[in-house]
Structures are given as structure tokens and as C-alpha cells.
Amino acid sequence: MPGCDHAGIATQTVVEKRILAEEGRRRTDFARDDFIARIQVWKDEYETQIIAQLKAMGCSCDWDRTRFTMDDVCARAVREAFFRLFADGLIYRGKRLVNWDPATQTVLADDEVEHETVQGHFWYMKYPLVESVEIEGGTVEHITIATTRPETMLGDTAVAMNPADPRAKYLLGKKVRLPLVGRIIPIIADEHVVLADPESDDEKARFSTGFLKVTPAHDPDDWQIGQRHDLPVINVMAPDGTISDKFGWDDATGSDAEQLLGMDRFEAREAIVEWFRTENLLEDVREYTHEVGHSYRSHVPIEPYLSDQWYIAVKKPISNFQFPISNLEKRKLTEQKDGVTYIKGTDVPLNSLAGLALAPLLDGRVKFTPERYAKTYQSWLENLRDWPISRQLWWGHRIPIWSKVGKTAPNGKPDGLIFREIENDDEIVTCACVAPGCEDVEKQLEKDGFQRDPDVLDTWFSSALWPISTMGWPEDTELLKAFYPTDLLCTAREIITLWVSRMVMFGQYFRGDIPFSQVYIHAMIQDGSGRKMSKSLGNGIDPLDIIASHGADAMRFTLAAMTTETQDVRMPVEEMTLPDGRVANTSPKFDIGRNFCNKLWNASRFAMMNLEAMPAWSEIHPKKNLSDRWILSRVSTTVRDATAAVDAFGFNELTDVLYHFMWNDFCDWYLEIAKVRINAGESAAKAVLAHCLDVLLRLLHPIVPFITEQIWSQLNEVVPCRGPGDSPAEDMLIRAQWPLADAAMIDPAAEADFELYRDAVRGVRNLRAEHNVSPKQKAKVLFDVQSVPGRIILENQALFESQAGAEITPAGAQADKGDAGTFTVGGTPFYVLGVIDIEAERARLTKQAGTIQNGITGIEKKLAAEGFVAKAPAEVVQRERDRLATLKRDLEAVTNSLESL
RNA sequence: GGGCGCGUAGCUCAGUUGGCUAGAGCGCUUCCCUUACAAGGAAGAAGUCACAGGUUCGAGUCCUGUCGCGCCCA
């Protein structure tokens, strides 16, 4: 089921920027619906492009069912989901410090905040005590706080110190006058405060003065302290990050701080530091490197900001949950606390949303590949905090809540409407959540003075519903019955928490079952120097450009070959001129796939040229010919290995197995042998050839669908019936069955014998190359015809002579081996007569003898080592002994040849 | 601060539960435009498996530590 989500923040930001750049107009210059219409146009353009990319890449999807998270089907599911969550009391409104992005003026989830290391400062600022204090005989007029964000001091409502601080007994309960503002604030005790220790290993302790300014409205830790001590909360900033007294700050007027109003937060920082310096209250400034949260969207520093947001309670037990959750209880993987069933070792109630997502991992119903990613999923859920779901955007699913200040008694009690009273800043607000399909209720509410919440839902809310919403939930559709749960989710590791966990959560909560049983996390492609591909760096690649430069199949093959279990994959990016003349980014890496496809095409063409008058499978006797037995064994082994690789998501292994079979076995050896045999009138090779190609195409189709489908249709014209059974092939390869490995065809003896044959051919070729024997000249080859390799060569004499460019010297012929080149196959010496340069051969053999001797020494050492023979498995010991014997025969042969030179 | 990954040939990467002389592609060297393929064929050179310890008959593989690179989370 193909489709797109609406990528709320990203999409709106892009369109806002574009309209500002092109037309000089801001979002606020538009009516809401008009602006949304503009985004819709942009989205349609890009959606079309994305779908076209998927099609061009050969993705096999159900195109008729293409979905978008904001289309009607999905929108209804979102409304229904929200309504049910609200009805179950899992959605609430909370005043919280949120991650505020002053640039885009929206709230970001914790996951949307990027932590960057920033070179900053600690400023040491003196706050005067209202009354001086005597400590150990000295008079103290000031205390000094240290801060990295001086501008927030305008909102300070206390100074905290650790009760264990020796000065605490003199200072606790005393008051300070907040500079600039003049506000009188208390000195309180809180254990969160780090004690000052210049010698400490802890950096914080080295930088601490022991006094902490407390700004509940602008710092998460301070917010906690404020909650503990019931401190006032004073917000000193406007949503755009400028200093303002319009959002909860009422003692600015008339103070020295008034001059700061309207300044940007960073301007204000400088002004405040300067003011302290002038007033002689700046004690010190020290360099400090620390982590600062930045918006992943606008990249400006996040401002912790006090704001009203809708939340989903993820650890709240759901009363009367209607579906079975898991068998964890039976397996004693839960524990009881205060009447609640928790997942063992966590504070996650089994019947909470977090529990619903965590249980299927723990009970094994959801599996990750590679397995290590299960940890990411698990630890995220175990430490989950409530999910802020409102976003200050226009592009998205608008929150289906209408509200009105004051207690408003419900007018009757229409279906599809839930009222809830919420306390907010000392006033009561009545909120109404409306179910989908109740437009009349919505109109009535608006008539009654209710206003719809302006915010939209987090994009992930609707994305979390994807597996069910796209198939028509909340109806119990035939689609859902047929395809839910699905088998496999394939995705990137960076959204395991944002997306994967929430799909499981919602799938379990709304449908009572997991959305998928397997999660495959694929590698991420980076550029050649290990950087993420991005528009701003200009190091990204458009798949359509790769398709233009190398072809879709080449791209698919290469990507599959690069897909390993590792986290990141590097893709060198290069500008290239495409066939249509455009210059675009692509990568020479795709040569791998292009060369592969080219080879496959040529080999298939050649095979098909030779299939005329192919005998039926039932007429041939492939068991009688070594090369047939060998290639059929290789076919079966390849089918077996390829199937295993697919089952294990080993995509690089799959391409590796198929590459090796196609190129090295099928092309380099079997096709070359078939040439000779077919020329000699041996037509049995044709039937085997056709069968090999048939299986190869079926194995390759998922990776390189276009070229294999094309070859398949040509093959069907040449030989519609082929392979064991001689039955007609499927018209379309995409419908053909994945081949089954035929264990009876696996023939280790044939593979071993063929190996000897191949070594003999290579041995002759090697000598020819080393001694520059002209290709036209036949090499005279002499060997013991009674030996195992000798018999094999003799049985395939014509083939051997053709492939090696050799002539076998008649058995028993006496020959002068003095000027022969030598090589060994399985311990049997082979001589190539009269071709050599004696000095070169001596050097070659000496080197070879050295290599063999190294091998022998290694094995002898191993066999002599204490414990090896006694402790290693018998088969390992035997293997070493066999190898040693062969090597010794090889060495003897080489030594003999050296002596006779 | 917590977690995860990576470091193997000049480059990009494989190497499953420890067990043949550590592999592939690209690049490089030599020869070959042989009637499927020069995006090709034949042959070849090239690695102290980051470093230091440990476990073991045996370590690229397991354990501990160090160094370097990257990612995720707080």
C-alpha cells in the first residue's frame, strides 16, 4: 500500500519559505484555508513526484490504493481515534514547559530536538542580599549565581542552594533583590543544586557557585524545583523569543528591565551582561562547552517555554480494555503494585498505551532485524513520557476540540460529544470533543460560543494509524480482515521510536493486534565522506537521475549489494552528464549493478542464440556429463543459499550468491563449455542451459525486475517448455514461482571433480600467460593418466584441449621434462612441455615452493601443538592431516621439477 | 552523561555458531578488440584484520582496556 504522510512541520516550513521568497507574503497574510490550499498544491506536486519515483524504481505496490494521511479515509480514522482516546481519558490538557522553536513558533517533541555541542560561557552574576549576613565573622552582601543563559534571570523567582552547603544555615530563608527587576525573591533549599567544588571531576561542580537561580518558566529543571516549592512562574518572553511583559510578567514597568522589552533573547543576553558589568555585579566570565537543544527544523536554539498543550497519557492504565494484551502475565513477566499490573522491572502498566506497545516485543510477537534495534524500542518505551500531540501549525489534522471559558452545562447530551471541564489559570474552561461525522454538533457548539482549537495534531499521530486507517478502520473492512496484521515493516532506525512504536501502540489499542510481526531496519546511505545526504549540503541523489545514468535495475542491484547489517553505508556522490544532457548527482558505485545487468543481458542473448532445436529434458541424460552435473549442483546450491539469504534479510548475501553464480559459474565456465559442446553437436547442453537461465531469472527477478522480465519473454518465444517436466513457463516472470532447491541435484562429488578439471585448465593457462606463449600455439601437456585428476581430464579431453589451448601428449610417450613448466592439481604433477624460459620457471617454482612450505609448516605446528589433536574435533584434525598430505605431494612435485630444470 | 555501530587490500565493503593459505567489487600490472559481452576475457600483485592485554589446542570472530570515527537518546 503506497502513500505519503503530510510531514506537518517540514512541509509547512518549506511552503512558508517559498511563498515568502517568491511573493514576499507571510502565512499570516493568508486566510487559514487559503494557506492550506497553497500547501495542498505543493504537496500534490511532490506526492506525484514521489509516486513516480517509486514506479520508476520498479516498486511493486497496489497503486490503486495509494493513500495520503490527510485524505478522507485517513482523516476519519484520526477523528475516531482521537475521540476514543479522549473518551477513555487518555487525552488531557496540560501546562508544561515545552520545546519551543521561536523561529517556526511551534512546539517540538523531545525527539525533534537535536543536541549540539556549543562553545558558550558561564556568567557569574552577583545578586545583592536584602539584608547583609554575617558568616564566620565576615559580612556577606551578595551571593553569586552562575548561568549560561543570563537573559532568563528576568523570570527568576528564587535562588536555590543545597541544604548540605555549609553556608545554608546562614542563608536559607533570607531574601535577595533581583537586579534590574528589583523583585524580592527567597533563598530556598533544594538537593538538585550541585555543590561547588573546584577540585571535582564533575564539570558542573567545578563551575558551580553553590547558588542556582530558579526560573520555572524557562528551564525544565527549574520548573521541577518550582513545582516542589510552589514558586511563582514568570514568563518573560513572547512566542517569537523577544523579551516581553505581555505573557505573564507584571513587574517590569518602572524597573531597569523595562529597556529590555522587545529585544531578541540573544540581544537581551548581551544587554543584561553589560548592565551587570557596569553595575560591578559581574564577578567572572568563563568559557564553557555544553550541549544546547536545537530545532531539527529551523536549527535555532530551543527555548523552554510555558504553554498549553494536549497530551496523550502513555502510562495511564486503561480501564476496561477490551482486547487481550499479551501472555506476559502467564509467563510471570509482570508484577503487581497498588492494584496495578506492571511489566516486570518497569513502571509501565501492562494495560497502558506504553504497555500495549512493549508487551508484543517482550512476548516475541514482534521481532527486529537486526536484533539490536529491539533495545532502542524497548528502552524508549520503558522511559516514555507523555506524548505532546498538539502542534501550532495549520497543515495537519485539526484537533477536534471546541472550548469555551466558564462552566457550560451541556445542552442535552447529543451522541458523539464529550464534555470535560478543565482548570486553566484560575478559570474553568469547558472542552468538547466531537466524534467524526457530527458536523451539526460542531455547528451548534460554535453557535453556542465554543471555539475550535486552532492547533493541529502531531504528524505521527496520523502516521501511527497508517496500518489500520489506510485499510478503512474503524470499519471492519474486508481489507483489514485479509491483510491485518501485516508481515513486515521495513524502515529506518531514526523513526523506531517516533513511528514503529506508535503503530504498535495504536494497532494494539484500536484493533487489538500488532500491525506487523517483523521489523526490518535497513542501513542508511551517506555520501562518500560519511555525511548524511541533504539538500543543503547538495550531496543527495535523486533516484530518477541514477535511473537515467545507470538504469533502475542497476540501482536496485547495487543498493541490495550494499545493504548489510551495519548502520551506515557510504555512497560516493559525483556529478555526471546524463544521456539527456543534464548534469546531476549520481554515483560510480552503480557501475556494479550496470555491469551485472549488461553481463546478464549478453549471456542470456548468447544462450538464446544457441537454443534452436533444443531437446526435451526427458530426452537428455545430464547425469552422464561432468559439466552438467556440476552446473545443476551449483543451481541447486544457489537456490538454497539465495532462499536462506532472503529469509534472513541478507540482501548483500543474496546479491553475492547470485552474482557469483551468474558470472563465475554460469558465464565463465558453463557457457564457455556449452559453446564447445554445442559446436561438437552435443545438444543436451542446450536443455541444461535453458534450465539454468530459467532458474537464474526467477532468482534475480526481485532484484532486477525489468531486465529479467524482458529476457523471460524472449526466452518464452525461443523455448516455451523447458527444464525438468518440460512444462510450459509462466507468461510473466513476475507470476512465476520462486524456485525450490532440489536437494537431489546437489552433487558434492561432481563439484569436487569439476574443481580438479578447472584447476588443470587454469594451471595450463597460468603457465601460458607467465611464459608469454602465443594464443595460437598449442601447449603440449603431460600427466599421469592413472591419477584421479588425470582420469577426469582424459574423460573430457576435447573440452580440456579447447579450453586450455592444449594438446594432451599421448599416454606413455616419453618426453623431455627438462624444459617443462610444472603445476600440480590435487597433488598430481602436470607438465607443459617446451614452452618455458628456464630462469623464469625456476623463480616461479621457487616462490611456489616457499608458499607451499609455509602452509606445511603452519599445519605441522598446529598438529604438534599441545592439546590440538586431543581437544579439537576429530573432523578438524582429519581435515588438517588431509591438507598436509596434499601439500606434501605438491611440494614434492615442485621440488622434482626444480631439480630437473 | 547513557546506549548503539564502525575501524579488515590503494578505495568501498563481506567475513553466519571461534577451525582450510582471510574474500568480493573497483583500482593497479601483463596479455588479448577470440563470431554473447572491452561495461569484456585470461593471468597476476596487493592485508601486522586500529592498538594492548586476556580466554582457548586454536581469535578477524569471544572478553577487558586504550585510541580514532559516526549515529541515537537524555
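Residue numbering restarts at 1 for every chain, and letters A, B, ... go by the order of the sequence lines.
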remark   = A correct 5'-to-3' footprint of nucleotides 29-36 of chain B, with B, S and - meaning base, sugar-phosphate only and no protein heavy atom under 4.0 Å, is -------B
inquiry  = Counting primed atoms plus P, OP1 and OP2 as sugar-phosphate and everything else as base, spell out the protein contacts along nucleotides 20-27 of chain B at 4.0 Å heavy-atom distance: B, S or - for each nucleotide, 5' to 3'.
reply    = BB---S--
request  = Rounded to whole angstrom, note down the C1' distance from B/rG41 over to B/rG68.
outcome  = 43 Å
message = Taking only the C1' atom of each, what is the distance from B/rC37 to B/rA42 in whole angstrom?
response = 15 Å
Any residue meeting side-chain hydrogen bond (donor to acceptor under 3.5 Å, both in side chains) with [X], in chain and number order, not counting sequence neighbours:
X: A/Gln224; answer: none
X: A/Asp222; answer: none
X: A/Arg881; answer: none
X: A/Lys367; answer: none

task = Among the candidates B/rA14, B/rG19, B/rA43, find the nucleotide nearest to the side-chain atoms of A/Pro873.
result =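 Of the candidates, B/rG19 comes closest.
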query = Start at the 5' end of RNA chain B and walk down; is the nucleotide closest to A/Met562 or to A/Glu494 reached first?
reply =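 Its nucleotide being nearer the 5' end, the pick is A/Met562.
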ask   = Of A/Val761 and A/Val869, whose nearest nucleotide on RNA chain B comes first from the 5' end?
value =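 The residue closer to the strand's 5' end, by nearest nucleotide, is A/Val761.
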N/O donor-acceptor pairs under 3.5 Å from side chains in residues 752-761 of chain A, not counting sequence neighbours:
unit_1	atom_1	unit_2	atom_2	d
A/Glu755	OE1	A/Arg758	NH2	3.1
A/Tyr757	OH	A/Gln803	OE1	2.7

ask   = In chain order, what residues pass the ring-ring contact (aromatic ring centres under 6.0 Å, His included) check against A/His691, with sequence neighbours excluded?
value = A/Trp617
task = Return each pair, listed once, that meets salt bridge (charged side-chain N to carboxylate O under 4.0 Å, His left out) where at least one residue sits in residues 592-614 of chain A; pairs must be two or more places apart or across chains.
result = A/Asp591-A/Arg594
ask   = What pairs with A/Lys315 under salt bridge (Lys or Arg N to Asp or Glu O under 4.0 Å), at least two apart in sequence or on another chain?
value = A/Asp347
inquiry  = Applying side-chain contact (heavy atoms from CB on, under 4.5 Å), can you list everything that pairs with A/Lys675, at least two apart in sequence or on another chain?
reply    =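 A/Lys675 satisfies side-chain contact (heavy atoms from CB on, under 4.5 Å) with A/Phe606, A/Glu672 once adjacent residues are dropped.
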request  = Could you run through RNA chain B and flag its stems, i.e. three or more consecutive Watson-Crick or G-U pairs with both distances under 3.5 Å?
outcome  = B:1-7 with B:67-73, B:10-13 with B:23-26, B:28-32 with B:40-44, B:50-54 with B:62-66
